[in-house]
Amino acid sequence: MAFLAIATLLPLMSMPVDGASAVRCGESSSYCPADMACCTSKYSPSTYGCEVAIGNLSDVSAGCGDGLPKGDTLCCKMGPAESPSRSLANVLVIGDSVSIGYTGPLAKRLFDVAKVQHGPWDVSDGGALDTAYGVGCLDRWLVTQAQEMVQWDLITFNFGLHDLTNSSHCEGLYAQQLANITKRLVALNTKVMFVTTTPFMPLRTKGNTVVEDMNTMAQKLAAEYNLPVIDLYHTVTGACGAVYSSCSICRTNPCSYHYNAEGMSLQAASMEAAIRQHLGPHASLLTV
Ligand SMILES: *[C@@H]1O[C@H](CO)[C@@H](O)[C@H](O)[C@H]1NC(C)=O
Ligand SMILES: *[C@@H]1O[C@H](CO)[C@@H](O)[C@H](O)[C@H]1NC(C)=O
Ligand SMILES: *[C@@H]1O[C@H](CO)[C@@H](O)[C@H](O)[C@H]1NC(C)=O
């Protein structure tokens, strides 16, 4: 499956813009900057990631969320698979498997105005994982797997479902790490939108409000930076109720992290409406 996906994408990819400073990972379509080694990343369709120096980030984040492997380097998944569009707006969706789920239907809905890609390039696993992984790997996801620079017209981002530790220490660290990621995205001088974390009712129904707490902190942060918020949490509770254990848009019964086709389509519709509203006319449409 992964092999087929790579084979069909290849004609659309180009070599690194700055070829001299990027090194190809094996015989794959992925490259790393010359100062980073290629590493094995099981869930990257090319099977490669780039090894990034992360200082003491794995110690700082220990015990919270998914957690990072111990050590002062991290194998970061590759950025988006394909070259940017030269005629449509380029939209980047950063997030976990829930966002991987709605990126396909979202791309179809926005076909007339935007090329939508997911960062990291991951079609089958947790994508951007937790905020610690995001702090370590964000820069790798802003360039394509061929290390092409992209002037993104709009970036949406979410972290949350991999940061599900409801201690005040870990929730505080979530806010801190999300602030780090937010500042770096805001500095890109592009349109940035925060997406709230979708519900995780197996915890909520037990009185664990870690998702709701994180959304409150994230929305406060988004307001500080004047970032529009796409409220997928309420897209889901609007369809399922405030607190529930099963719902027709969930992939499983009782509900867990993931959604069926109807749920992904519902989320894609919310994303589409917000993105169309904020994209506006963009330069590349006028200059091509
Ligand atoms: C990580 O490094 C920073 C800066 O050097 C230091 O202040 C902090 O205590 C370290 N944290 C851990 C958990 O090692
Ligand atoms: C984000 O965190 C990294 C790792 O701790 C640090 O090197 C960087 O300066 C931080 N960036 C911002 C904008 O806070
Ligand atoms: C964390 O969740 C548990 C239930 O899973 C709850 O009993 C506890 O009070 C929560 N702690 C905090 C700090 O929210």
Side-chain angles (χ1 to χ4, degrees), residues 32-33 35-36 39 49-77 79 92 94-95 119-120 128-143 149 152 155-194 196-227 233 237 242-245 254-257:
C32 289
D35 60 350
M36 290 176 196
C39 50
C50 301
E51 197 170 275
V52 172
I54 56 166
N56 69 358
L57 186 61
S58 84
D59 292 333
V60 169
S61 60
C64 297
D66 286 355
L68 299 178
K70 261 193 117 35
D72 55 9
T73 62
L74 183 59
C75 188
C76 292
K77 293 171 192 168
L92 177 65
I94 295 175
L129 300 174
D130 61 12
T131 47
Y133 191 68
V135 167
C137 296
L138 181 64
D139 295 346
R140 306 271 37 87
W141 306 335
L142 300 173
V143 297
M149 305 277 289
W152 298 102
I155 299 175
T156 70
F157 73 113
N158 165 263
F159 289 87
L161 290 176
H162 289 260
D163 291 79
L164 292 178
T165 315
N166 76 334
S167 66
S168 51
H169 167 70
C170 291
E171 290 186 4
L173 191 66
Y174 170 80
Q176 228 175 299
Q177 293 181 150
L178 193 68
N180 179 295
I181 293 163
T182 303
K183 282 181 211 158
R184 289 158 65 187
L185 290 174
V186 166
L188 297 174
N189 217 3
T190 181
K191 293 195 171 74
V192 178
M193 305 178 83
F194 180 74
T196 58
T197 299
T198 48
F200 188 63
M201 286 297 155
L203 290 178
R204 177 72 186 82
T205 53
K206 291 194 195 104
N208 180 333
T209 55
V210 59
V211 169
E212 292 73 17
D213 296 350
M214 288 191 294
N215 277 338
T216 301
M217 295 187 290
Q219 278 170 292
K220 190 163 159 258
L221 184 68
E224 274 169 41
Y225 288 91
N226 269 317
L227 302 186
Y233 183 94
T237 56
V243 182
Y244 54 90
S245 52
C255 292
S256 178
Y257 301 101

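For ligands, and for the atoms within them, numbers begin at 1 and follow the listed sequence.
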Asker: Within the 4.5 Å heavy-atom criterion, are Met214 and Leu164 side-chain neighbours or not?
Answerer: yes
Asker: Any chance the side chains of Asn158 and Thr197 put a donor and an acceptor closer than 3.5 Å?
Answerer: yes
Asker: Indicate yes or no: at least one non-hydrogen side-chain atom of Phe200 is less than 4.5 angstrom from one of Ser256.
Answerer: yes
Asker: Quick one, list the residues around ligand 3 where some non-hydrogen atom comes in under 4.0 Å, by chain and residue number.
Answerer: Asn166, Lys206, Asn208
Asker: Any N or O on Asn56 sitting closer than 3.5 Å to an N or O of ligand 1?
Answerer: yes
Asker: Using heavy atoms and a threshold below 4.0 Å, how should the contact between Leu57 and ligand 2 be classified: side chain, backbone, both, or neither?
Answerer: neither
Asker: Shortest non-hydrogen contact from Thr165 to Glu171?
Answerer: O-CG, 3.8 Å
Asker: So, Cys50 with Cys39, SGs under 2.5 angstrom?
Answerer: no
Asker: What donor-acceptor contacts under 3.5 angstrom involve side-chain atoms of residues 133-142, with partners at least two apart or in another chain?
Answerer:
{"from": "Tyr133", "atom 1": "OH", "to": "Cys75", "atom 2": "O", "distance (Å)": "3.4"}
{"from": "Tyr133", "atom 1": "OH", "to": "Lys77", "atom 2": "N", "distance (Å)": "3.0"}
{"from": "Asp139", "atom 1": "OD1", "to": "Arg184", "atom 2": "NH2", "distance (Å)": "3.1"}
{"from": "Arg140", "atom 1": "NH2", "to": "Gln147", "atom 2": "OE1", "distance (Å)": "2.7"}
{"from": "Trp141", "atom 1": "NE1", "to": "Lys77", "atom 2": "O", "distance (Å)": "3.1"}

Asker: What's the spacing between Leu129 CG and Asp163 CG if we round to 0.5 Å?
Answerer: 9.5 Å
